[in-house]
Amino acid sequence: MAVKTHTWISLWFLFAAPVILWDIGYCFMRPRSMKGGDLHWFWKPYAWYQEVDYVYGMPAVIEGDGFPNAQALLNLIETTMNISYLYLAYIAQWPSAPLIGFGAALMTCSKTVLYWSQELYCGYCAIGHNDFWTIFALWIVPNSLWTLIPFFIACQLGKDMAQTLNLAAKKQTKLTNGKTL
């Protein structure tokens, strides 16, 4: 039985992998990756983002905040799962590949909700210094993508897996009732 794939899901996983890997590198290489660091040239766009979101900025480094690197570690696991899904679905044709994709998408969604919740419960400690439009354009919109798209991926892959399980259950019921397929 061929693995059911969806182009939009595969494109998201392909798009997300290099973006997340770049982000992981930035976090793990701080402060060298930050503005003024010798490796900053590779992460130049972070120069303005580290001023928008202090989780990515110098305040987190100075405070010894472990959240950015803990998140980066989870990003590494998530990205490995994204790439594994693509390999297992398209190359290995493993029927359980959607389970890996579902787990990866759920992980991305829940990790981003945690990121949002952290801000809510600390009184917007990392982004509260910005005006509304900066928060909206540079924090809410991008983080919404990392919440909504993985949520819809998890819903789609969950629906696909449920359909497969229901089909298998119907076949099993026919077999146990003595009927042939």
Side-chain angles (χ1 to χ4, degrees), residues 2-30 32-35 39-53 55-57 60 67-119 126-127 130 133-164:
V3 178
K4 183 176 183 180
T5 59
H6 302 274
T7 303
W8 69 276
I9 292 173
S10 301
L11 289 174
W12 174 259
F13 285 158
L14 280 171
F15 161 77
V19 171
I20 295 171
L21 288 170
W22 190 53
D23 189 70
I24 292 166
Y26 174 81
C27 289
F28 283 159
M29 295 306 296
R30 293 174 318 137
R32 295 179 67 195
S33 58
M34 300 174 80
K35 187 176 178 180
L39 300 176
H40 179 65
W41 60 270
F42 189 70
W43 289 280
K44 225 170 193 151
Y46 281 89
W48 57 265
Y49 195 71
Q50 72 185 59
E51 301 301 324
V52 171
D53 184 348
V55 168
Y56 280 78
F67 185 79
N69 284 355
Q71 171 197 274
L73 177 62
L74 291 177
N75 281 346
L76 187 58
I77 296 167
E78 161 196 327
T79 302
T80 300
M81 291 172 71
N82 288 348
I83 294 167
S84 296
Y85 165 78
L86 293 170
Y87 172 80
L88 294 169
Y90 288 96
I91 308 299
Q93 289 285 304
W94 188 47
S96 297
L99 182 59
I100 304 300
F102 175 82
L106 202 56
M107 187 174 183
T108 304
C109 183
S110 60
K111 186 176 47 64
T112 309
V113 168
L114 175 66
Y115 197 81
W116 285 68
S117 300
Q118 166 67 14
E119 277 303 301
I127 62 167
N130 295 292
W133 292 110
T134 301
I135 292 172
F136 180 77
L138 301 178
W139 199 86
I140 292 174
V141 171
N143 283 309
S144 293
L145 291 174
W146 294 102
T147 305
L148 294 174
I149 294 173
F151 173 78
F152 289 123
I153 290 172
C155 288
Q156 181 64 63
L157 294 176
K159 178 182 166 189
D160 293 349
M161 289 186 296
Q163 288 173 343
T164 301

Report the distance from atom CZ of Phe13 to atom CD1 of Ile83, rounding to the nearest 0.5 Å. 11.0 Å
Side chains of Trp12 and Asn82: does their closest heavy-atom pair fall under 4.5 Å? no
Would a 4.5 Å heavy-atom cut-off, applied to side chains only, mark Trp22 and Phe42 as touching? yes
Could you check whether Asp160 and Gln156, counting side-chain N and O atoms only, form a donor-acceptor pair closer than 3.5 Å? yes
Residue pair Pro45 / Trp48: nearest heavy atoms and the distance that separates them: O-NE1, 2.9 Å
I'd like to check Ile153 versus His6 (side-chain heavy atoms, cut-off strictly below 4.5 Å). Are they in contact? no
So which heavy atom on Pro150 is nearest to which on Cys109, and how close? CB-N, 3.9 Å
Atom of Thr79, atom of Ile24 and distance for their closest heavy-atom approach: OG1-CD1, 4.4 Å
Is the number of heavy atoms from other residues, nucleotides or ligands within 6.0 Å of NZ (Lys35) greater than 12? no
With rounding to the nearest 0.5 Å, note down the distance linking CD1 in Ile100 to CG in Leu86. 12.0 Å
Just how far is it from atom CG of Leu157 to atom OH of Tyr85, taken to the nearest 0.5 Å? 5.5 Å
Please tell me if the side chains of Tyr115 and Trp146 come closer than 4.5 Å, counting only heavy atoms from C-beta onward. no
Could you tell me if the side chain of Ile77 sits less than 4.5 Å from the side chain of Leu74, heavy atoms only? yes
Donor-acceptor pair, side chain of Gln71 and main chain of Lys111, under 3.5 angstrom: no
Has Phe136 got more than 12 heavy atoms of other residues, nucleotides or ligands less than 6.0 Å from its CZ? no
Do you know which two heavy atoms are closest between Ala97 and Ala89, and how far apart they sit? CB-N, 3.6 Å
Can you confirm whether more than 12 heavy atoms, excluding those of Phe151, are under 6.0 Å from its CZ atom? no
Minimum heavy-atom separation for Pro98 to Val3, with atom names? CD-CG1, 4.0 Å
Closest approach of His40 and Ser33, non-hydrogen atoms and distance? ND1-O, 3.0 Å
Is there a donor-acceptor contact under 3.5 Å linking the side chains of Asp23 and Tyr49? no
Could you please spell out the steps behind the side chain to side chain donor-acceptor pair (under 3.5 Å) verdict for Asp53 and Trp139? CA-CA 8 Å; Asp53 184 348; Trp139 199 86; 3.1 Å; yes
In this structure, CH2 of Trp41 is separated from NZ of Lys44 (nearest 0.5 Å) by 10.5 Å
Nearest 0.5 Å, what's the CE-CG distance between Met107 and Leu114? 11.0 Å
Rounded to the nearest 0.5 angstrom, the CZ-CD distance for Arg30 and Gln50 is 9.5 Å
